[in-house]
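Report on the structure given below.
If you read the sequence from its start, that first residue is 1, and numbering goes on from there.
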Amino acid sequence: MPARWSGGSWASPWRAPGARASTGLVQERAVRHGIRIAHRERTLAALDGGEVWLVNALHGIRPVTGWAGGELAAGPALRAAEWREWLESLTEPLPDK
């Protein structure tokens, strides 16, 4: 699930809660911190030069560091480390069988 920071808001194609567990956690934290969330699909051109993350339950938060083909640039991951550390702090080990 790609999400892009734009100014002080976080743009995501998914609405929380529900469809995406990790995305929902990120969106809930954003709301608690007063960060505006915009729900909309983006074209690749709209992601050019911005801070873009892929967010999912398996890999957590991964900032986009480059785009295959074309002339698009990946923006600096200014917020990713802090948010990734926070999300990883929520993980719990699976129970033993």
Do [X] and [Y] come close enough that some side-chain heavy atom pair is under 4.5 Å?
X: V52; Y: W67; answer: yes
X: L87; Y: L25; answer: yes
X: W53; Y: V64; answer: no

Could you tell me whether E82 and R29 make a salt bridge, using a distance below 4.0 angstrom between a side-chain N and a carboxylate O?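 Between R29 and E82 there is a salt bridge, with a charged N closer than 4.0 Å to a carboxylate O.
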
Go through the structure and list residues passing salt bridge (Lys or Arg N to Asp or Glu O under 4.0 Å) with E92, not counting sequence neighbours. none

Taking every non-hydrogen atom, the tightest pair across [X] and [Y]:
X: A57; Y: S22; answer: CA-OG, 3.1 Å
X: R84; Y: I61; answer: NE-O, 2.9 Å
X: V55; Y: V26; answer: CG1-CG2, 4.3 Å
X: R32; Y: W86; answer: NH2-CZ2, 4.1 Å

If I take atom CD from residue E85 and atom CG from residue L90, how far apart are they, to the nearest 0.5 angstrom?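 One finds 11.0 Å between CD of E85 and CG of L90.
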
Under the rule for side-chain contact (heavy atoms from CB on, under 4.5 Å), what residues qualify as partners of L58, not counting sequence neighbours? N56

Of all residues at least two apart in sequence or in a different chain, which pass the side-chain contact (heavy atoms from CB on, under 4.5 Å) check with L78? E51, P76

Quick one: does D48's side chain have a donor or acceptor within less than 3.5 Å of a partner on A73's backbone?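 Looks like yes, one N/O pair under 3.5 Å.
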
